[in-house]
A.B. asks: 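The structure's right below; bear with me while I get my questions together.
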Amino acid sequence: MTKTIFEKIILREIPANIHYEDDEVIVIDDINPTAPIHLLIIPKKKIETLNDLAEGDTKLVGKLFQVAKNMASKFGIDKSGYRAIFNCNEDGGQTVYHIHLHLVGGRSFSWPPG
Ligand code: 5GP
């Protein structure tokens with residue numbers, strides 16, 4: 001099966017700016033940031049979309065949010081605020097089919113999203 005860009009980053013086949021890594025999760029800068037802080041919190045397990053989550057992935061997805069919280073604090077956007085977003089499939093704007101939580105902050109965001 002073809003590797004996604006994130007699998008290639010996890011395997012160090014292509015470079016990325018890595019802020020955190022453990023046996024389950026890696027956190028990198030988005031290559032095309034949409035805010036002053038734009039991190040991608042990526043599980044090492046490849047799950048293509050949120051639709052593919054299994055019961056057994058509940059703890060892993062919870063961990064992604066715990067890591068996001070820690071990163072928000074580390075980058076000093078916890079008090080000012082931020083968004084943590086999963087995009088799913090075409091209408092959701094997903095372009096890489098390996099789930100990832102976007103953590104964006106450092107500016108204010110409008111609602112509803114465009
Ligand atoms: P999606 O559109 O799937 O929700 O988000 C994919 C994100 O991955 C995009 O924000 C895009 O800028 C980012 N991205 C795509 N290719 C690369 C890459 O090679 N390196 C990094 N660090 N981010 C990437």
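Atoms within each ligand, like the ligands themselves, are counted from 1 in listed order.
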A.B. asks: Look at Lys44 together with Glu7 and state whether they make a salt bridge at an N to O cut-off of under 4.0 Å.
C.D. replies: no
A.B. asks: Got a donor-acceptor contact below 3.5 angstrom from the Gln66 side chain to the Val61 backbone?
C.D. replies: no
A.B. asks: Hey, are Asp57 and Lys45 close enough for a salt bridge, meaning a charged N less than 4.0 Å from a carboxylate O?
C.D. replies: yes
A.B. asks: Dump the intermediate steps for side-chain hydrogen bond (donor to acceptor under 3.5 Å, both in side chains) on Asn70 and Ser73, then the final yes or no.
C.D. replies: CA-CA 5 Å; Asn70 294 340; Ser73 174; over 6 Å; no
A.B. asks: Check for me whether the distance between the ring centres of His102 and His100 falls short of 6.0 Å.
C.D. replies: yes
A.B. asks: So which protein residues pack against ligand 1 under 4.0 Å, heavy atoms counted?
C.D. replies: Ile5, Phe6, Ile9, Ile28, Asp29, Asp30, Ile31, Asn32, Leu40, Asn87, Gly93, Gln94, Thr95, Val96, His100, His102
A.B. asks: Test Val96 against every option in Ile5, Ile42, Leu40, Asn87 by the side-chain contact (heavy atoms from CB on, under 4.5 Å) rule and name the one that passes.
C.D. replies: Ile5
